[in-house]
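Everything numeric in this text was worked out from a predicted model, so none of it was measured. By convention in this document, chain letters (A, B, ...) are assigned in the order of the sequence lines, proteins followed by strands, and residues within each chain are numbered from 1.
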2 protein chains.
Amino acid sequence: MNSFKEENYLKAIYQLGVIDKENVVGATDLANWLALKPPTVLEKLNSLVTKGLINYNKTDGAILTKKGYEIAINIVRRHRIWETYLYRQLNFSWSEVHEIAEQLEHVNSDKLIDKIYSILGNPEFDPHGDPIPNKRGVLPKSDRRPLSRSVKGCKCVVLGVSHDNEAFLNYLSDLKIALNDKLTVEQIISYDESIRLLNQKKESIIISAKAAEQLLVACLKPNCECKTAN
Amino acid sequence: MNSFKEENYLKAIYQLGVIDKENVVGATDLANWLALKPPTVLEKLNSLVTKGLINYNKTDGAILTKKGYEIAINIVRRHRIWETYLYRQLNFSWSEVHEIAEQLEHVNSDKLIDKIYSILGNPEFDPHGDPIPNKRGVLPKSDRRPLSRSVKGCKCVVLGVSHDNEAFLNYLSDLKIALNDKLTVEQIISYDESIRLLNQKKESIIISAKAAEQLLVACLKPNCECKTAN
DNA sequence: TTTTATTATTAGGATACCCTAACAATTTGT
DNA sequence: ACAAATTGTTAGGGTATCCTAATAATAAAA
Ligand SMILES: [Mn+2]
Ligand SMILES: [Mn+2]
Ligand SMILES: [Mn+2]
Ligand SMILES: [Mn+2]
């Protein structure tokens, strides 16, 4: 059986790999992500190598083996299913679910996860728009992309955020931006790359470049220029 | 924050105290209960003493302080609320819930427990008939007693089991005895103290003395002789 | 009341996780 | 190319958990 700590290491390696596919997942990256020190991480990486859960060397960084990937994607699956359950069945808010799911994801009972997954109707996305792996670990496809990669005039729908960081979620609440909102890109302010949007109520919203990078949307118009612009 | 291990020690000290109020909770008892060795337990007992969570000496054994009791009763509360939730909302069976609740009880979120407690309508007893402490840690009263303490002719209702051990629960299923069943004591077989019962379908059931000690019931007749017989 | 089991404790280790200090290897920027 | 900043590694510890072996204290039996 894998410890709760080990599951978090594998999940972190998975997540850092997803966030930036170019950058190698080094010991320092992981240390920052997990709020630990590099020697601590290195020690664990060596043990994960011994257990055949990752491959590791300085140039390639940490890479999950098939076995390690399966564990990691399963934890991600549990996390997102619990977030969805907490949000939809237990009426927790968008920004509360992550913390609790961080704990619930380590509860080891396939039957329990299967049950709540089925109660939810086998959802494909969690409350932050993150894809939920199915039982075989396969992620649903979606054409989510950062709002920052939009062209003027694009009409899109909010599908999620790239990190479910509580501060950011509350920031969005302040801007009155919620999941599934339809937004129109009115202007891209060249000075600082911030974006002026129009919501469904025709209210004007200005979102910073940084926030626009973390807000994930999908174009609504079939042939939106956003798709070819990048 | 208390670790998951520490919570289990405190819960074990509480439980061993409830099971047998005469017997002192010694290091060896705890070691057997927790499947650990006495020196391991002793080490932890010393640390719990240092933290002010228990008092301990050879003659009195381990005794929870107010602080330790509050933690223990809260874990018991979480355990029983989760068992009830798993049983009633997620359709787990009587015998499945304990194992999963052993994990869920350590999830630290008052809001989560409050929510499921409220969804369940603030239940007073879990699926095994165990009393659920309220938010202030107060246990509901009940006149549950072992079936073994019955007189012939007693009509009683099954309210629970004294240990929610999976093997025993399955044994009861085999005997077709379930929670809330109404049973009549037909005969107490003096040879081995086993008990012949009649269920609602007038089927005859023989239950061993050992099982009768673990099966908790309450008399249905207002002035049942069981009450005065003991 | 001796002898015999049971408990309680101590001593000495092992493993999982974490850290600081110090050094080596790279990468960056000039 | 060279100094500076960033990363990767080793060395040496510390705490929490657990264990076996051995010893001391008690309790139970004979
Ligand atoms: Mn999350
Ligand atoms: Mn999420
Ligand atoms: Mn239980
Ligand atoms: Mn129970």
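In terms of phosphate contacts, B:Thr28 brings a side-chain nitrogen or oxygen within less than 4.0 Å of OP1 or OP2 of C:dA8. Taking 4.0 angstrom as the limit, A:Lys44 places none of its side-chain polar atoms (N or O) nearer than this to OP1 or OP2 of C:dC18. Distances shorter than 4.0 Å separate some side-chain N or O of A:Ser3 from OP1 or OP2 on C:dC17. The shortest distance between the side-chain N/O atoms of A:Tyr56 and the OP1/OP2 oxygens of D:dT9 is below 4.0 Å.
With hydrogens and angles disregarded, no donor-acceptor distance shorter than 3.5 Å links the side chain of B:Glu6 to the backbone of B:Ser3. No donor-acceptor distance shorter than 3.5 angstrom exists from the side chain of B:Arg196 to the backbone of B:Ile189, with no hydrogens or angles considered.
The distance between atom CZ of A:Phe4 and atom P of D:dA16, rounded to the nearest whole Å, is 17 Å. The distance between atom CG of A:Leu36 and atom C1' of C:dT20, rounded to the nearest whole Å, is 14 Å. Note: CG (B:Asn57) to C1' (C:dA8) measures 12 Å, nearest angstrom. Atom-to-atom, CD of B:Glu7 to P of D:dA16 comes out at 16 Å; the value is rounded to the nearest Å. Atom-to-atom, CD of A:Glu43 to P of D:dG12 comes out at 14 Å; the value is rounded to the nearest Å. The separation between A:Asp60 atom CG and D:dG8 atom C1' is 14 Å, rounded to whole Å. Distance B:Asn46 CG to C:dT9 C1': 9 Å, rounded to the nearest Å. Between A:Lys37 atom NZ and D:dT7 atom C1' the separation is 14 Å, expressed in whole Å.
Projected onto DNA chain C by closest heavy-atom contact, A:Thr59 and A:Ala35 fall at different nucleotides, the more 5' of which corresponds to A:Ala35. Residue A:Lys5 is the one, among A:Lys5 and A:Lys58, whose nearest nucleotide of DNA chain C lies closer to the 5' end (criterion: closest heavy atom).
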Dump the intermediate steps for side-chain contact (heavy atoms from CB on, under 4.5 Å) on B:Asp29 and B:Asn23, then the final yes or no. CA-CA 10 Å; B:Asp29 297 318; B:Asn23 192 49; 3.6 Å; yes
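Using modelled atom types and a 3.5 Å distance limit, the side chains of B:Asp126 and B:His79 yield no donor-acceptor pair. Between the side chains of A:Arg144 and A:Ser162, not a single donor N or O lies within less than 3.5 Å of an accepting N or O.
The residue B:Thr40 sits close to a base: some heavy atom pair falls under 4.0 Å. As judged by a 4.0 angstrom heavy-atom cut-off over every strand, A:Leu42 is placed among the base-contacting residues.
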